Amino acid sequence: MPGPQAPSDVVSRLPTWYRSTARDLPWRRAEFHDEFGAWGVLVSEFMLQQTPVSRVVPHLEAWLARWPTPAAMASASAAEVVHQWANLGYPRRALWLFRAAVEITERHGGIVPRDVEALLALSGIGDYTARAVAVFAYGDRHPVVDTNTRRVLARAVQGRAQPAPPSRRDLELMDSLLPDSLADAAEFNAAMMELGATMCTSRAPRCEQCPLANSCAWLAAGRPDTGDERRRQATYEGSDRQARGAVLRLLRDRSPEAVPLDLVLPEWPDPRQRDRAIDSLIADGLAEADGMALSLPR
DNA sequence: TATACGTGGGG
DNA sequence: TCCCCAAGTAT
């Protein structure tokens, strides 16, 4: 029976598993912290927002080599930053990261803030990233809750196949499980994410190998609602998002040149959709119209 | 609270 | 092939 022991089992068994199996990722190495500090952690967290680890790793090194500090990036242009973002997806994150670098430079003397409230006030930083930086860069004690952690909590503790929509309850539950010491709390945060990413996965969890198998409430209940349909992602083919992606890709490829408006995807199947994409990119600050030509933002 | 927002890899 | 999914944030 999982029962009320489930949470304490999670806390006691996870660290041992994590120490022996954790992936060797750049932002977990001591040299990474020595070299890039909180800025390195912040950049990695921006890239990891909805982009898989395997795609982030190769970009991160080049990024930090080019802009090793917030001030270095703040002195670049938005166009350079969006161009360097390449195909990581959700390019608004590149713009937000650039704005955060400017804010850090202007408001915090070029030092990534340590305080969660100050971090939350920066562009593109929300509940997850703010606490991730405070915990993984500065070693402070906060609940870091991402989608992996929410899934592990839902299964191991609550006995549900999938987590409920994000809420403050997630933070409260995670906070109640956090070990007392700073180092143990930070490690526990990382271990929960790691378990969700590699073992307690969304589609095909490997319960047979899971260190929490003996206490998992969901497994004990017979893995109910395994095939529970989650809200389907909108179809990408033919979508406005695809149009935006195509326009921005063109601007990146031509950068720093501007592209005459009548040469921006003239063959696009739905011209009105293409124009909508152009307008929305301009509205977001990801593109700039100069006379009759379009370019990445200065 | 629900929706928009890229891109590519794996089952 | 097609569908699922990935360390979220802003509105």
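So you know, we letter chains A, B, ... as the sequences are listed, proteins then strands, and number each from 1. The shown structure was predicted, so the numbers you read here are calculated from the model rather than taken from an experiment.
- Using a 4.0 Å heavy-atom distance criterion, Phe46(A) is classed as making no nucleic acid contact.
- One interatomic measurement links the two molecules: CZ of Arg241(A) to C1' of dT7(B), which rounds to 10 Å at whole-angstrom precision.
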Under 3.5 Å, which donor-acceptor pairs link side chains of residues 169-179 of chain A to any protein atom two or more places apart or in another chain?
| unit_1 | atom_1 | unit_2 | atom_2 | d |
| --- | --- | --- | --- | --- |
| Asp170(A) | OD2 | Ser167(A) | N | 2.9 |
| Ser176(A) | OG | Leu173(A) | O | 2.6 |

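- Phosphate contact (OP1/OP2 of dC5(C), side-chain N/O of Ser202(A), threshold under 4.0 Å): present.
- Both Arg232(A) and Gln50(A) sit near DNA chain C, but only Arg232(A) has its closest nucleotide nearer the 5' end.
- Residue Trp85(A) is out of contact with every strand shown, counting any heavy-atom pair closer than 4.0 Å.
- Looking at Trp63(A) and Gln84(A), their side chains never bring a donor and an acceptor atom within 3.5 Å of each other.
- Atom-to-atom, CZ of Arg92(A) to C1' of dT7(B) comes out at 15 Å; the value is rounded to the nearest Å.
- Here the P atom of nucleotide dG9(B) and the CG atom of Asn87(A) are 9 Å apart, to the nearest Å.
- Residue Leu248(A) is out of contact with every strand shown, counting any heavy-atom pair closer than 4.0 Å.
- Atom CD in Gln49(A) sits roughly 13 Å away from atom P in dG6(B) (whole-Å rounding).
- One interatomic measurement links the two molecules: CZ of Arg252(A) to P of dG6(B), which rounds to 10 Å at whole-angstrom precision.
- Counting to the nearest Å, the C1' atom of dA4(B) and the CZ atom of Arg276(A) are 13 Å from each other.
- Protein atom CZ of Arg169(A) is 16 Å distant from nucleotide atom C1' of dT1(B), rounded to whole Å.
- The nearest pair of heavy atoms linking Trp85(A) to Tyr90(A) is NE1-O, 3.8 Å.
- Look at OH on Tyr90(A): it is 13 Å from P on dG8(B), rounded to the nearest Å.
- Place Leu286(A) and Ser167(A) on DNA chain B by their nearest nucleotides, and Ser167(A) ends up nearer the 5' end.
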